[in-house]
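Written below as structure tokens is the structure these notes are about.
Start at 1 with the first residue, then count along the sequence.
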Amino acid sequence: MKLKIFTLALAAMSLYSCGPSQDKESNDKTTEMNDSAITETQWVLEQLEGEKIEASQNGKLISFTLNTEENRVSGYAGCNSFFGSYELKAGNRLSFSTLGLTRMACPEGAFNESELMKVLDMTDNYRINGDQLELNVGKRAPLAIFKKVDKNAEPIVEKYWKLKTLEGQPVKMSKNQEKEIYFTLKMNENRVVGFAGCNGMSGTYKLEEGNRIRFSHMATTMMACPDVDVNEADFLKVFELTDNYTINGDILSLNVGRRAPLAVFEAVYL
């Protein structure tokens, strides 16, 4: 009888000792899965304290990446780059520490970097919903919402493309021209913004497989243009005709079919 009681007690102790170990293993797996979902990914700012944000500033995206090596965070705050460290814990707990900024002089009216840095300082947890990342404090509404960007995403978007040639002819900026001719494809709502030589321009675009691109609803402001070397109508015609593009390094060509490029642009990093 004593032997039977001892055997049962030993079995109970064995089950008890296995239970916590299995739970810990499960928690570790969950933590590891969560960690891999947020790290080594570029997160681009979409909303800050409930307000939509124009992520592209000075030719770069307001964003950050958590690097697993030494738990380092690095990113761009709108004018300056920032860096520091982070800590991830079970239960989607996240905190940032020792954050620092470079010290570039920021233009007047630029995005308020201090607001973003304040949010990072307050963050104590996160939530991932599809391709969106929410940074939170407690159970409040999200402090900030970011969107996941594939590092191998389309290289044509969110870049400042300066016009180099139009129908094979080199383009030079006129003395009385306000600024150079350019365009940028914004990820936000697939918008096109740019300058056609005298007037600002806007529109929408659609990217498809095989470097296919379509522009639509292209329009300009209605300023009277002085003697500008480039005919704006000819430039806008490029967007009407274009159905594909090619990129070679920092050179972009807008094409129709397999003809010679309608226009050639160069990426400018401001």
Side-chain angles (χ1 to χ4, degrees), residues 16-58 60-102 106 109-153 157-158 186-191:
Y16 178 78
S17 62
C18 290
S21 176
Q22 290 173 346
D23 290 342
K24 183 178 185 302
E25 182 179 353
S26 176
N27 287 338
D28 288 346
K29 286 181 179 179
T30 301
T31 303
E32 182 180 350
M33 178 186 67
N34 289 338
D35 288 0
S36 64
I38 190 175
T39 58
E40 304 300 338
T41 296
Q42 184 182 14
W43 296 104
V44 177
L45 184 63
E46 284 196 327
Q47 293 185 38
L48 189 65
E49 294 283 9
E51 298 291 332
K52 288 188 176 182
I53 299 298
E54 179 57 68
S56 181
Q57 299 284 328
N58 301 312
K60 295 182 182 180
L61 294 173
I62 301 175
S63 62
F64 75 89
T65 300
L66 302 183
N67 305 294
T68 53
E69 186 176 351
E70 299 182 353
N71 281 32
R72 302 293 295 171
V73 56
S74 59
Y76 179 68
C79 174
N80 285 280
S81 297
F82 66 90
F83 46 86
S85 59
Y86 72 92
E87 184 178 19
L88 285 169
K89 294 182 179 179
N92 286 14
R93 308 293 292 178
L94 169 65
S95 60
F96 299 93
S97 59
T98 60
L99 294 175
L101 280 166
T102 53
C106 301
F111 174 76
N112 190 341
E113 295 181 322
S114 63
E115 293 298 321
L116 175 61
M117 303 309 291
K118 181 180 177 181
V119 160
L120 296 178
D121 185 57
M122 293 174 62
T123 295
D124 64 13
N125 72 89
Y126 73 92
R127 178 175 178 266
I128 292 180
N129 183 13
D131 63 352
Q132 287 189 321
L133 166 69
E134 298 175 2
L135 296 186
N136 313 307
V137 57
K139 296 182 178 181
R140 280 179 46 187
L143 296 170
I145 297 177
F146 295 78
K147 185 174 182 179
K148 182 178 182 179
V149 174
D150 185 350
K151 289 185 178 180
N152 298 316
V157 301
E158 296 293 349
K186 300 287 188 180
M187 290 190 299
N188 185 17
E189 298 179 349
N190 282 32
R191 292 182 299 113

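Asn125 CG to Asn136 CG: the interatomic distance, rounded to the nearest 0.5 Å, is 4.5 Å. In this structure, Ile145 CD1 and Arg127 CZ are separated by 9.5 Å, a value rounded to the nearest 0.5 Å. Rounded to the nearest 0.5 Å, atoms CZ (Arg72) and OH (Tyr86) are 10.5 Å apart. One finds the OG atom of Ser63 at 9.5 Å from the CG atom of Leu116 (value rounded to the nearest 0.5 Å). Here the straight-line distance linking atom CZ of Phe96 with atom OG of Ser85 works out to 10.0 Å at 0.5 Å rounding. Here the CD atom belonging to Gln42 is positioned 12.0 Å from the CG atom belonging to Leu66, to the nearest 0.5 angstrom.
Taking all atoms of both residues into account, the shortest heavy-atom contact from Glu87 to Asn71 is CA-ND2, 4.4 Å. When every heavy atom of Cys106 is checked against every heavy atom of Asn80, the shortest pair comes out as SG-ND2, 3.4 Å. When every heavy atom of Phe111 is checked against every heavy atom of Gly78, the shortest pair comes out as CD2-CA, 4.4 Å.
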Does the pair Thr68 and Glu40 meet the rule for a side-chain hydrogen bond (donor to acceptor under 3.5 Å, both in side chains), with working shown? CA-CA 7 Å; Thr68 53; Glu40 304 300 338; 2.9 Å; yes
Between Phe64 and Phe146, is a ring pair (Phe, Tyr, Trp, His ring centres under 6.0 Å) present by the stated rule, with each step listed? CA-CA 9 Å; Phe64 75 89; Phe146 295 78; 4.9 Å; yes
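Put simply, the side chain of Glu158 reaches to within 4.5 Å of the side chain of Lys186, judged on heavy atoms. Ile38 is listed as a side-chain neighbour of Trp43, based on a closest heavy-atom distance under 4.5 Å. Side-chain contact check for Glu49 versus Leu143: some heavy-atom pair is nearer than 4.5 Å.
The main-chain N or O of Ser81 is found under 3.5 Å from a side-chain atom of Thr102 such that the two form a donor-acceptor pair.
Within the structure, salt bridge (charged side-chain N to carboxylate O under 4.0 Å, His left out) contacts touching residues 109-122 (residues at least two apart or in different chains) do not occur.
None of Val73, Asn67, Leu88 except one satisfies the side chain to side chain contact (heavy atoms under 4.5 Å, CB included) rule with Thr39; the exception is Leu88.
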